[in-house]
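Notes follow once the structure below has been shown.
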Amino acid sequence: MDTLFGDQYDAKDEKSNLFADIILPVPIPKMFTYKVPRNLSEEIGIGYRVIVQFGKKKVLTGIIGKVHQKPPSNYEAKPIMDLLDSYATVNPIQIRFWAWMAEYYCCHIGEVMNAALPSGLKLSSESKIQLNPTFDADTCSYPLDDREEILLQALGQKEEMSYEDCESVLGLKSIHVIIKSLVIKEAILVFEQVKEKYSPKVEARVRLANAYAADKKLLEALFNEISVKPKQEEILLKYLQEVPVYKKPELNQKGIEKKVLTDAGLSTSSLKTLVKNGILEEYKLIVSRFEREEGSDEEISLSSEQNEALIQIKQEFEEKNTVLLHGITGSGKTELYITLIKEVLAGGSQVLLLLPEIALTTHMVGRLRKVFGSKMGVYHSKYSDNERVEVWNGVLSGKLSFVVGVRSSIFLPFDSLGMIIVDEEHESSFKQFDPAPRFQARDAAIMLSWLHQAKTLLGSATPSFESYYNARMKKYGYVALDKRFGEAQLPAYYLADMLVDKKKNLLKLDFTRMLREKIQEALNNQEQVLIFQNRRGYAPYISCEDCGWIPECEHCDVSLTYHQFGEEMRCHYCGFKEKVPNTCPACGSNKLSAVGLGTERIEESLALLFPEARIARMDLDTTRSKYGYQRLLEDFGSGNVDILVGTQMITKGLDFDKVTVVGIMDADRILYFPDFRAGERAFQQITQVAGRAGRRDKKGSVIIQTRKPDQAIFEQIISGDYKQFYIQEMGDRQRFYYPPFVKIIKITTRHKDFKTAEKAAKYLHNLMGEIPVKKILLGPEKGLIGKIKNQYIFESIAKLDRSSNAQAQFKHELQHILEELQAQKEFRTVRFVVDVDPY
DNA sequence: AGCACGCCGACT
DNA sequence: GTCGGCGTGCTC
């Protein structure tokens, strides 16, 4: 962090040359020093966007990290090409936050920048090609080949072309050589065009020319004149109907949307004529992409329990920065949030509410919008980039003081956060896995709060063990809300033994008798049913009934997933697909059958078991479109669906009175996941789905299908005894050194050659062993999936003491070790990935 | 990460 | 002979 906050430069000292260390969106572990041109030296500052030449070809958007006067010693710094704005896009708190994240999650600050800035704020540079005006093909001393001729001809017709245009003209994918040759022959010019990707939304509007609006007599005269042209008259009448200029001339200034007139079926050519004759005038207005609604200052009335909780939360915040709100489903956390948010906003601070992705599309956002109106921004992954830039700018300009968003919204340019609320704090989707930075948004939010001297409220019905542990250790405050709001009752649980049913031949298409009867009962009473299975698709794999052969991916160490659509088998990891063979390639048998249960298959089974019921499915495949999720929710809410089968998506945001039965198809699948967190997750998932059953007057039923009904965890889920479950599970965590007692860092080693990957992983492991920090090292082991996309995978796990010193030292040494290894020829092409708190 | 430069196999 | 495969090195 030190490197970022060195001495400030003295702007008055004009004689000295200024240099800027710039954060660039590239995965290289340092900033780059550029020269600040004289004319920019007064305007530039930390957090400003600039464009710079990087390497030979690339032009990149960078963020100024530091300004100083120390010229680089071993190279000549290139100049900054341009300053993009007259203000800082990123504030100093954010830069500190980025630096913290890069350090804590072992990645490069450029990678953090990449994740943080919406791509609309990163300029794209595109190479454009133009005909050289001084070039004459006839006098050219070099011969041109056919392809070059074609390209030149195409260029003659257009002013400029991009590389892609050239590729499509020639139908070739690599045109570099041709371009290069033409440049040498001085036939074309290549130049960089930098353009801003973000474009504001513009509304075309029309209004009456000012003369007519100001003078009623003139307007009357106009009508007399125009009555012989009925189409134009119609337009004017429509306009006056929408904008009563007679009564309120000042309204004319804003006019109306052009669309209003054209959508009304009025003649567009007459409209054009009116404009041409100076009667109407057109103008453009930059508008927001978000609907603006005024917030109503509706009083939220809290129940006595909620009020009590609110008082407790505030008390806890007196001495602690983070409070865990443990509130069971349906206890009315939302009302509490709203009350708190209102208070913080009234105090002049900003608020961020983090929600898991799936919860964001639900009615919660609509509810908040009603209360907070236009000062609330929504930051969602399904929003377009332009929309994200608008939220960013809204926060930057102060227009938005409250944002509801997914994990990446922690990067928005808040400058005075008063509170961050993380709802459904236990949700694993707050952790980013794939591209670096591999951050946990809940944890990062706590850090961000600290940087702002703000408070963090974590809310959950089933807290993560980390948070609960911190609460018990008095590091966090703890407030429980354990009564359901209104008269809603807790559901009744039933354990259905699949093995017993199977023996008695009562298991039909994977449904136990218990579950089938409960569903039937609900259908008879016109009530709704939810079926939960956390696996999409039809079936996980296909197997030969005679020899047990299972089709596997050619590039990865996984079985191929069977998709009913197109009779295909697909690889989940690399996208490889293959037709289902007619006979087993191993033994020739034709008894190939699908094994296992996906939502698609359950939907099919339900249709067979309950032919009269209306069945719908909700999973990634049916909700991919922007409104797919909402449509399904509405369908279900309005009672057009009797049975909804889905993945964990159905655990969020379904608040419907008519759900009385919830079925969990295969609890064992959740429970026997090979991971120390399996129990914790099972408790969370089952409790969350179960929470959907039975609202208001009627007690709901939850049917858990399992092959081992006598496990302690079921008892604890049924009694809702989170604490008991926690205490028991924590025994194991402590005995076997698992979080939250230790911190885990996972290091993945990947290479296309098995031997090299193994050797690198072992080397790494030995070197890590020498780090003088108290630790436990596991591995290196072949990954859970040994090969992905033809890359062999090894994993090492380091378990460290919870003290941040030990972690920091270990990470620091680890970076050195990795650099050292990558410097060796043998391991140059090996990829190492560090994942901190991987989960 | 991209992207250039540079050195070896399979094709018009 | 060339196209184009990807190993290696660099980016202020």
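Just so we're on the same page: letters track the sequence lines, and every chain starts at 1.
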- Message: Checking A:Glu466 against A:Arg677 for the salt bridge (charged side-chain N to carboxylate O under 4.0 Å, His left out) test, could you report, in this order, the C-alpha distance in whole Å, the side-chain angles of both residues, the deciding distance, and whether it holds?
- Response: CA-CA 11 Å; A:Glu466 276 72 11; A:Arg677 223 173 270 277; 3.3 Å; yes

- Message: I need the CD1-P distance between A:Ile28 and B:dC3, as an integer number of Å.
- Response: 13 Å

- Is the phosphate of B:dG2, meaning OP1 or OP2, less than 4.0 Å from a side-chain N or O of A:Lys58? no

- Are A:Glu826 and A:Lys759 close enough for a salt bridge, meaning some N to O gap below 4.0 Å? yes

- Task: Check A:Lys70, A:His68, A:Lys30 against A:Asp21 for a side chain to side chain donor-acceptor pair (under 3.5 Å) and give me the one that passes.
- Result: A:His68

- Query: For C:dC12, does either OP1 or OP2 sit under 4.0 Å from a side-chain N or O belonging to A:Tyr75?
  - Reply: no

- Query: Given atom CZ of A:Phe32 and atom C1' of B:dG2, what is their separation to the nearest angstrom?
  - Reply: 12 Å

- When rounded to whole Å, the CG to P distance for the pair A:Asp21 and C:dC12 reads 14 Å

- A:Arg442/A:Asp837 ion pair, N-O < 4.0 Å: no

- Using a cut-off of 4.0 Å on non-hydrogen atoms, how would the nucleic acid contact of A:Phe54 be classed: base, sugar-phosphate, or nothing? base

- Quick one: is the NZ or CZ of A:Arg388 closer than 6.0 Å to the six-membered ring centre of A:Tyr379, and within 45° of its axis? yes

Look for any protein N or O under 3.5 Å of an N or O in nucleotides 7-10 of chain C and output each such pair with its distance, or none.
{"unit_1": "C:dG9", "atom_1": "OP2", "unit_2": "A:Arg828", "atom_2": "NH1", "d": "2.8"}

- Between NE2 of A:His751 and P of C:dC6 the distance, given in whole Å, is 14 Å

- Query: So what does A:Leu24 touch, heavy atoms closer than 4.0 Å: a base, only the sugar-phosphate, or nothing?
  - Reply: nothing

- Message: Distance check needed: C:dC6 P versus A:Asp753 CG, whole Å only.
- Response: 16 Å

- Under the 6.0 Å and 45° cation-pi test, does A:Lys431 pair with A:Phe439? no

- Message: Taking any heavy-atom pair under 4.0 Å as a contact, classify A:Pro27: base, sugar-phosphate, or nothing.
- Response: base

